[in-house]
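The next block holds one structure in the form of structure tokens; read it before the comments.
A note on names: the letters A, B, ... follow the listed sequences, proteins ahead of strands, and every chain is numbered from 1.
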Protein chains: 2
Amino acid sequence: MSERRPYRRETEERRREDLILAALDLVASGGVQAATVRAIADRAGVTPGLIRHYFQTKEDLTRAAYHRLMQQMTTDSAAVLDDAPTDPRARLARFVAASVSPPVVDITSVGLWAGFVHDVQRDVAMREVHNATYLAFRDKLQELIAALPRTAPVAQLRREAIACNAVIDGLWLEGSILPEGFEPGEIVEIVLSSVGAILGVDLASTYTPDRTPA
Amino acid sequence: MSERRPYRRETEERRREDLILAALDLVASGGVQAATVRAIADRAGVTPGLIRHYFQTKEDLTRAAYHRLMQQMTTDSAAVLDDAPTDPRARLARFVAASVSPPVVDITSVGLWAGFVHDVQRDVAMREVHNATYLAFRDKLQELIAALPRTAPVAQLRREAIACNAVIDGLWLEGSILPEGFEPGEIVEIVLSSVGAILGVDLASTYTPDRTPA
DNA sequence: CTGCTTGTTATACGGTTGTGTAATTCCGGC
DNA sequence: GCCGGAATTACACAACCGTATAACAAGCAG
């Protein structure tokens with residue numbers, strides 16, 4: 001009776017992308033428990049069996065999705081440096097501010113990230129993805145700090161990078177979970193003044209909030 | 001054939017406590033998905049049906065478990081203030097240091113907390129528990145900051161409390177997820193110096209690491 | 001020592017999960 | 001144009017999920 005559903009053949013790259021995005025979408029809106037193979041397939045517009053054709057197991061898809069998430073977040077943070085000014089303070093200020101602003105900070109990002117935390121602690125492959133992206137971000141931060149016009153011993157640089165990264169992480173957390181608890185722009189002001197205080201540099205005055213293109 | 005399992009009657013308080021602790025234990029070690037009614041009952045040494053006798057639904061048990069977790073964390077942080085010195089700087093230093101040290105920071109705490117994040121964002125009751133405990137912690141921090149021997153406008157106090165809380169949260173995060181990435185005592189040093197820098201106060205010199213009782 | 005309350009166990013049920021496997025149909029190469 | 005391979009669908013399966021309900025027994029009141 002029932003006709004077999006018609007379909008189109010797609011490239012492997014495209015299908016994997018669709019499935020990963022569908023998985024992330026579901027984790028963001030409904031938690032890890034909502035990201036079942038059937039729900040993922042449904043959102044991606046395919047049937048559940050296809051998942052097993054591109055990912056040997058559901059865990060593989062989970063790993064790929066997490067990898068994609070972290071990659072996206074670091075990309076978003078670093079994107080502002082592409083056309084950033086050459087003044088070291090302004091560069092740092094821009095990078096720091098972007099890390100606590102959309103799209104890095106939004107209502108779903110923390111929930112998304114939190115959904116993977118447990119797997120990160122258990123799964124070796126996911127732990128490596130985490131370490132790589134986390135340290136890459138912190139190293140980028142340390143690099144920007146080292147470029148500041150001041151003298152600081154190397155050992156101090158590491159601790160300053162850890163501290164500044166902690167401020168960013170904490171504000172990212174609070175800003176995402178409790179967005180209505182802060183006034184617009186308040187988090188950016190706080191991150192600039194506190195990072196500036198930690199480093200002994202005035203960042204707020206060098207920061208141009210946004211280059212709102214016409 | 002099979003004998004009915006023998007059992008002991010317990011008080012309601014005791015059974016609820018056992019079930020809550022079993023649920024937290026499972027979430028910590030295996031994520032939310034591992035905390036099934038059968039697994040919880042098994043760990044608590046009872047049969048699954050008993051859960052529905054003390055909690056109308058599994059969601060009720062989840063709420064109770066989250067409430068218990070947050071309560072425990074704030075209690076652990078505030079405990080160090082019981083016999084703390086009267087010097088405002090020393091009090092703040094002790095409180096801040098305790099917030100990034102065991103038992104608040106340990107390998108399972110973040111995974112445990114992360115497991116509930118999604119429910120917090122969706123469930124109103126859990127959101128209220130979160131806001132209450134989060135703001136209680138931040139207010140306590142602000143209260144300690146306000147007691148410092150210096151003059152600061154009220155509006156500034158709020159932002160300083162947010163910033164210091166962010167540092168603590170960020171270090172709590174990193175220290176729990178990546179414990180081997182930091183040397184012993186390093187996180188405490190960092191939190192004291194950075195919080196001190198944000199507030200313009202020297203905290204590190206007033207901090208007595210631990211009162212190792214004989 | 002007997003009876004009653006109720007804490008606790010036992011069992012059942014419909015729905016869902018991840019996975020394995022066979023049947024189809026799309027689509028490029030000839 | 002059709003043919004073969006592989007992308008995709010369809011179906012089956014055992015295990016597990018949360019929930020509902022009935023049977024049992026533990027321990028206190030008398």
Side-chain angles (χ1 to χ4, degrees), chain A residues 1-23 26-27 29-66 115-116 118-119 122-123 126, chain B residues 1-23 26-27 29-66 115-116 118-119 122-123 126:
Chain A
M1 303 300 134
S2 58
E3 283 293 303
R4 192 186 182 89
R5 166 212 288 223
Y7 60 93
R8 284 207 328 138
R9 291 190 168 202
E10 298 287 352
T11 66
E12 171 172 349
E13 190 184 17
R14 173 61 186 273
R15 275 279 131 94
R16 296 180 80 102
E17 178 77 359
D18 285 349
L19 289 172
I20 287 173
L21 291 183
L26 284 167
V27 172
S29 64
V32 273
Q33 45 204 323
T36 67
V37 286
R38 287 171 177 80
I40 293 170
D42 194 53
R43 172 150 315 212
V46 297
T47 51
L50 192 61
I51 291 183
R52 305 277 333 275
H53 186 260
Y54 287 109
F55 299 93
Q56 201 163 13
T57 174
K58 193 203 171 187
E59 206 175 3
D60 280 6
L61 172 54
T62 302
R63 270 191 279 260
Y66 181 69
F116 290 108
H118 178 263
D119 298 297
R122 251 173 72 115
D123 190 291
M126 296 194 80
Chain B
M1 304 297 137
S2 59
E3 283 293 304
R4 192 185 181 90
R5 170 214 283 225
Y7 61 93
R8 285 207 328 138
R9 293 190 167 199
E10 297 288 353
T11 66
E12 172 174 349
E13 189 184 18
R14 173 61 186 273
R15 276 279 131 94
R16 295 181 83 102
E17 177 78 0
D18 284 350
L19 290 171
I20 287 173
L21 291 183
L26 284 167
V27 173
S29 63
V32 273
Q33 47 205 322
T36 67
V37 286
R38 288 171 176 80
I40 293 171
D42 195 52
R43 172 149 319 210
V46 297
T47 51
L50 192 61
I51 290 183
R52 304 282 328 275
H53 187 260
Y54 287 109
F55 299 93
Q56 202 163 13
T57 174
K58 195 205 171 187
E59 207 175 3
D60 280 8
L61 172 54
T62 302
R63 271 190 277 260
Y66 182 68
F116 290 107
H118 180 263
D119 298 297
R122 250 174 75 114
D123 190 290
M126 295 195 82

Worksheet item: In whole Å, what is the span from the CZ atom of R15(A) to the C1' atom of dA7(D)?
Response: 9 Å

Discussion item. So which atom in I20(A) and which in A65(A) form the shortest heavy-atom distance, rounded to 0.1 Å?
Written reply: CG2-CA, 3.8 Å

Discussion item. By the 4.0 Å heavy-atom rule, please label E10(B) as base, sugar-phosphate, or nothing.
Written reply: sugar-phosphate

Discussion item. Any carboxylate oxygen within less than 4.0 angstrom of a Lys/Arg side-chain nitrogen, looking at R63(A) and D60(A)?
Written reply: yes

Worksheet entry | Out of dT17(C), dT8(D), dG18(D), whichever nucleotide has its closest atom nearest the side chain of V37(B) | dG18(D)

Worksheet item: Between R9(A) (CZ) and dC26(C) (P), how many Å, whole number?
Response: 9 Å

Worksheet item: Is the closest side-chain heavy-atom distance between Y54(B) and L61(B) below 4.5 Å?
Response: no

Practice prompt. Take atom CG of L26(A) and atom C1' of dT17(C), then tell me their distance rounded to the nearest Å.
Written response: 15 Å

Worksheet entry | Over all atoms of both residues, closest heavy-atom pair of A39(B) and A34(B) | CB-O, 3.6 Å

Worksheet item: When the nearest nucleotide of DNA chain C is assigned to Y7(B) and to R38(B) on a heavy-atom basis, which residue is associated with the more 5' position?
Response: Y7(B)

Worksheet item: Just one of R14(B), R15(B), R16(B) clears the side-chain contact (heavy atoms from CB on, under 4.5 Å) bar with E12(B), so which one?
Response: R16(B)

Discussion item. With a 4.0 Å limit, can you tell me whether T47(B) has a side-chain N or O closer than that to the phosphate oxygens OP1/OP2 of dT8(C)?
Written reply: no

Practice prompt. Considering just the side-chain nitrogens and oxygens of R5(A), establish if one lies under 4.0 Å of OP1 or OP2 belonging to dT9(D).
Written response: yes

Fill in: Interatomic distance where CD belongs to E12(A) and C1' belongs to dA6(D) [whole Å]
12 Å

Discussion item. If you compare all heavy atoms of V46(A) against all heavy atoms of R5(A), which two are closest, and at what distance to 0.1 Å?
Written reply: CA-NH1, 4.0 Å

Worksheet item: Atom CD of E3(A) to atom C1' of dA10(D): distance rounded to whole Å?
Response: 13 Å

Worksheet entry | Short side-chain N/O contact to dA25(D) OP1/OP2 from R8(B), under 4.0 Å | no

Worksheet, complete the sentence: dist F55(A):CZ -> L19(A):CG (nearest 0.5 Å) comes out at 5.5 Å

Item to complete: Whole angstrom is fine here: how far is it from CG in D42(A) over to P in dT8(D)?
Response: 16 Å

Worksheet item: What parts of residues 50-61 of chain A reach DNA chain D, counting only heavy atoms under 4.0 Å away?
Response: L50(A), H53(A), Y54(A)

Fill in: Interatomic distance, R14(B) CZ vs dG7(C) C1' [rounded to whole Å]
15 Å

